[in-house]
Each structure stands twice: as structure tokens, then as C-alpha cells.
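Read the structure below first, then the notes.
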Amino acid sequence: MNATGTPNGMPRRQFVALSGALGAGALLAGAADGASAAACPPPGSGGTPGGPCPTEPPPPGGPSPCPPAQMQPLCGSPADTDPLWQDVQYCTQGIVPPSGHKADCLKTTPNYVVLHGEPVSTHNYLTVPACRITGIECPFLLNPNVANYWHEAWENARRGGDVPVQYRYIGLGINSQSARQLDQLHIHMAGVRDSTQLRLQALDAAGRVATHPSQWRDTQYQASVTGTGGDRTYRILRLPALTTNLFALLNTNVVRPLGLQMAGQTLVVVPRMTPTAFDGAFYVLNSDASLPSGTVTCDRLLVY
């Protein structure tokens with residue numbers, strides 16, 4: 001998608017009409033011009049100025065809501081034939097795709113499935129929604145009631161999780177629309193290099209990491225992190241937990257204020273470690289093509 005378009009190249013008028021059809025209760029009206037529900041209120045608008053982002057309760061028991069029919073032009077149709085979506089349907093409904101490929105369903109829940117990534121290894125897995133959601137550009141992900149896929153990915157990938165990533169340090173990531181190869185939302189669960197973890201800790205110690213979402217877009221919290229193919233620039237935020245909707249957090253604090261598009265964003269989550277254990281906090285890295293030496297893919301930092 002170009003810098004002035006809307007998701008999936010849809011004309012602006014049609015996008016607004018579709019978003020408005022959902023009604024105010026869906027919190028999606030106005031998504032085309034950047035209006036969305038704030039994941040964290042800015043200082044002075046409720047909550048503690050400069051304090052931690054308020055948490056959101058998880059959805060009630062059972063499946064989280066999925067994009068309604070009006071959103072299918074933006075978020076995909078259940079009738080689509082994307083291979084990863086077919087894997088999800090096999091795991092959740094037993095529907096064997098026309099190719100005959102039967103995915104290894106490592107974990108199946110009402111809200112997501114866990115699958116092998118490519119190449120298959122003990123440190124390369126995917127958390128994939130059970131809903132039909134093409135990717136990061138789907139405005140339905142801004143809904144506060146959507147399942148917290150990032151939290152679920154971490155709970156599976158962590159040491160002791162149901163599908164643990166067997167690597168010294170762990171990372172989670174999602175690609176932009178242009179960088180991905182499959183059009184079903186998936187969060188990579190993989191390794192990260194020791195150097196990545198140490199670089200983030202050093203930046204944190206030097207005060208180069210934002211500690212409140214409202215700071216995330218500020219230039220002093222942009223820094224280079226070395227990955228595959230050299231250094232790339234990221235906006236770096238530290239969160240005390242993965243209890244907020246990271247998609248809405250990014251949209252509210254970075255994408256809308258800077259006039260960017262969600263489709264062009266990549267996100268990487270790296271748990272902050274002590275010399276011996278996870279300390280409970282997370283580094284959330286964001287980048288896009290608007291940054292000097294920015295990147296639209298999480299693949300530069302993740303080890304598959």
C-alpha cells in the first residue's frame with residue numbers, strides 16, 4: 001500500500017463507508033483517517049500522566065470476536081485460499097485444503113493456533129488467529145475486545161510454555177503488509193541474538209528507551225540495533241507487561257500522530273532479561289520506511 005492509500009488499495013470513500021457501517025460500538029469508524037480508540041490515554045486525559053499504560057481486561061471466556069462481514073474487504077474473507085488460513089481451518093475445523101496438506105497443529109484454541117514456521121526448527125513457530133485477519137493493516141485489530149495475540153504468543157513461547165522456543169533469548173515479531181509472504185496474520189515466535197538483548201539493555205540503561213507509550217514516537221527513543229544485513233533504526237518502548245493491545249498502542253502513539261499507515265509497520269517484542277531470568281518487562285520495537293535506515297520486516301532481528 002502506498003503512503004496515501006488505504007488498506008488493500010480501497011478508495012477512501014468506500015473505506016469510510018465500511019468502517020461507519022460497524023457503528024460506534026465497534027470503535028472502528030474513522031479508521032481511514034486515523035481515528036481509533038486510544039489504547040492508552042495521553043497524559044492529562046485520564047490515568048496518571050507519565051505513568052504506566054492502563055491495562056485492559058482480557059476478553060471473557062470463549063472465542064474473541066472476529067471481524068464482521070462489513071470488514072471482509074479490509075481484513076479478508078473466510079472463503080479466501082491463503083495457505084496459512086487454510087492451515088488454520090484444518091486445525092480448527094478439520095477442513096483439508098485442496099492441496100491435501102495437513103498442518104502440524106501444535107496447539108489449537110478458540111482464539112488462535114500455533115504452527116511450525118519455515119524452516120522448521122525448535123525455535124521457529126507461529127501464533128495465528130482463528131479469525132480470518134489478513135495482517136497488521138486490518139482495523140479490527142484496534143478493537144479493545146480482540147484477543148491479545150501477543151500475550152498468547154509469549155505464554156506459549158516462553159520457557160515452560162506449551163510450545164517453547166528453544167533458544168537462549170526469545171523474540172516475537174510481525175511483518176508489514178509488503179514484507180510478509182502469507183496473508184493471514186501471524187506472529188513469529190523465534191530466537192534473538194545475544195547482541196540484540198545486550199544492545200537493548202544498554203540503550204535502556206542510557207535512558208534511550210521510552211517508558212510511556214506517549215513517548216514512543218519521540219526521536220530520542222529511536223536507535224540502531226544490529227541484525228541481519230546490518231543496523232536498522234527502531235522506535236523502542238519498554239512495557240511492564242503485555243496486557244495492552246499492541247496494535248492499538250502503536251496506532252494511537254506512533255502511526256496517527258506521525259501520519260503513517262499501519263500497513264507499513266513492523267513490530268518486534270523482546271522480553272527483558274537479567275543474567276539469569278526474565279525480569280517481567282518487554283521491549284517493543286517498531287520500525288517502518290519513514291525512519292532513516294528503517295525496516296518493514298521483523299526478520300532482521302529474529303533467528304529462525
Side-chain angles (χ1 to χ4, degrees), residues 39-40 42-43 49-53 123 150-151 153-154 157-159 165 167-176 179 187-244 246-247 249-255 257-258 260 264-304:
C40 291
C53 177
H123 54 268
W150 291 96
H151 178 265
W154 165 243
R158 65 176 176 82
R159 183 176 300 177
V165 171
Y167 212 79
R168 177 178 172 86
Y169 295 125
I170 296 171
L172 313 173
I174 189 170
N175 284 314
S176 68
I187 295 175
H188 293 270
M189 307 151 61
V192 294
R193 298 171 181 81
D194 289 17
S195 60
T196 299
Q197 177 69 222
L198 295 175
R199 171 64 170 161
L200 292 172
Q201 291 180 9
L203 290 167
D204 200 354
R208 298 287 310 283
V209 172
T211 56
H212 189 272
S214 64
Q215 305 169 329
W216 197 3
R217 63 184 177 273
D218 294 349
T219 56
Q220 62 263 42
Y221 304 119
Q222 298 173 11
S224 295
V225 180
T226 301
T228 303
D231 292 353
R232 291 294 184 271
T233 303
Y234 300 86
R235 305 176 184 96
I236 307 173
L237 169 68
R238 188 182 74 227
L239 290 178
L242 291 182
T243 51
T244 56
L246 295 189
F247 298 109
L249 208 67
L250 177 66
N251 186 62
T252 298
N253 295 282
V254 177
V255 172
L258 297 180
L260 303 173
Q265 307 302 308
T266 184
L267 275 173
V268 181
V269 173
V270 179
R272 189 171 73 166
M273 305 297 291
T274 69
T276 58
F278 169 53
D279 84 345
F282 297 85
Y283 297 114
V284 186
L285 287 69
N286 159 248
S287 191
D288 60 60
S290 74
L291 288 171
S293 301
T295 180
V296 296
T297 176
C298 66
D299 296 343
R300 297 185 182 277
L301 291 185
L302 299 183
V303 180
Y304 301 123

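Along the sequence shown, the residues carry numbers beginning at 1. Here the structure is a predicted model, which means the values were calculated and not measured.
- With a 4.5 Å cut-off on side-chain heavy atoms, V254 and N286 count as touching.
- Every residue meeting the side-chain hydrogen bond (donor to acceptor under 3.5 Å, both in side chains) condition with N175, not counting sequence neighbours, appears here in chain and number order: T297.
- Of all heavy-atom pairs spanning V284 and L246, the tightest one is CG1-CD1, 4.4 Å.
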Before giving the answer on side chain to side chain contact (heavy atoms under 4.5 Å, CB included), spell out for L267 and L250 the whole-Å C-alpha distance, their side-chain angles and the decisive distance to 0.1 Å. CA-CA 9 Å; L267 275 173; L250 177 66; 4.0 Å; yes

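- In this structure a side-chain-to-backbone donor-acceptor pair under 3.5 Å is missing from S287 to Y234.
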Test L301 against L285 for side chain to side chain contact (heavy atoms under 4.5 Å, CB included), laying out the working first. CA-CA 10 Å; L301 291 185; L285 287 69; 3.7 Å; yes

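- A salt bridge links R235 with D288: the closest approach of a Lys/Arg side-chain nitrogen to an acidic carboxylate oxygen falls below 4.0 angstrom.
- Taking H188 as the reference, H186, Y304 meet the ring pair (Phe, Tyr, Trp, His ring centres under 6.0 Å) condition, with sequence neighbours excluded.
- Closest approach of A157 and I170 over heavy atoms only: O-CD1, 3.3 Å.
- Of all heavy-atom pairs between R300 and G229, the closest is NH1-CA, 4.1 Å.
- Not less than 6.0 angstrom separates the ring centroid of F282 from the ring centroid of W150.
- Contact of the Q197 side chain with the V270 side chain is registered, since non-hydrogen atoms from C-beta on lie closer than 4.5 Å.
- Between R168 atom CZ and D194 atom CG the span is 5.0 Å, to the nearest 0.5 Å.
- With a 4.5 Å cut-off on side-chain heavy atoms, R208 and I236 do not count as touching.
- Within the 4.5 Å cutoff, the side chain of V192 has heavy atoms near those of the L302 side chain.
- If you take CG on D204 and CZ on R199, they are separated by 12.0 Å, rounding to the nearest 0.5 Å.
- Taking the side chain as every heavy atom from C-beta outward, T196 and T226 never approach each other to under 4.5 Å.
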How far apart are the C-alpha atoms of M273 and Q201, what are their side-chain angles, what is the distance that settles it, and do they pass the side chain to side chain contact (heavy atoms under 4.5 Å, CB included) test? CA-CA 8 Å; M273 305 297 291; Q201 291 180 9; 4.2 Å; yes

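- In this structure, V296 and S176 approach most closely via the heavy-atom pair O-OG, 2.9 Å.
- Taking every heavy atom of both residues into account, Y169 and R193 meet most closely at CD1-O, 4.3 Å.
- For the residue pair T211 / R238, no side-chain donor-acceptor distance below 3.5 Å is found, with atom types taken as modelled.
- With hydrogens and angles ignored, the 3.5 Å screen pairs no side-chain donor or acceptor of D218 with any backbone N or O of Q220.
- Counting only heavy atoms from C-beta outward, the side chains of Y283 and L237 never approach each other to under 4.5 Å.
- Of all non-hydrogen atoms in C298 and I174, the two that sit nearest each other are SG-N, 3.7 Å.
- Side-chain contact between L198 and L200 is absent, with no heavy atoms from C-beta onward closer than 4.5 Å.
- Considering only heavy atoms from C-beta on, L172 comes within 4.5 Å of W154 through its side chain.
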In sequence, state the C-alpha distance, the side-chain angles, and the governing distance for V225 and T233, and then conclude on side chain to side chain contact (heavy atoms under 4.5 Å, CB included). CA-CA 6 Å; V225 180; T233 303; over 6 Å; no

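- Side chains of N253 and S214: a donor-acceptor N/O pair is absent below 3.5 angstrom, by distance only.
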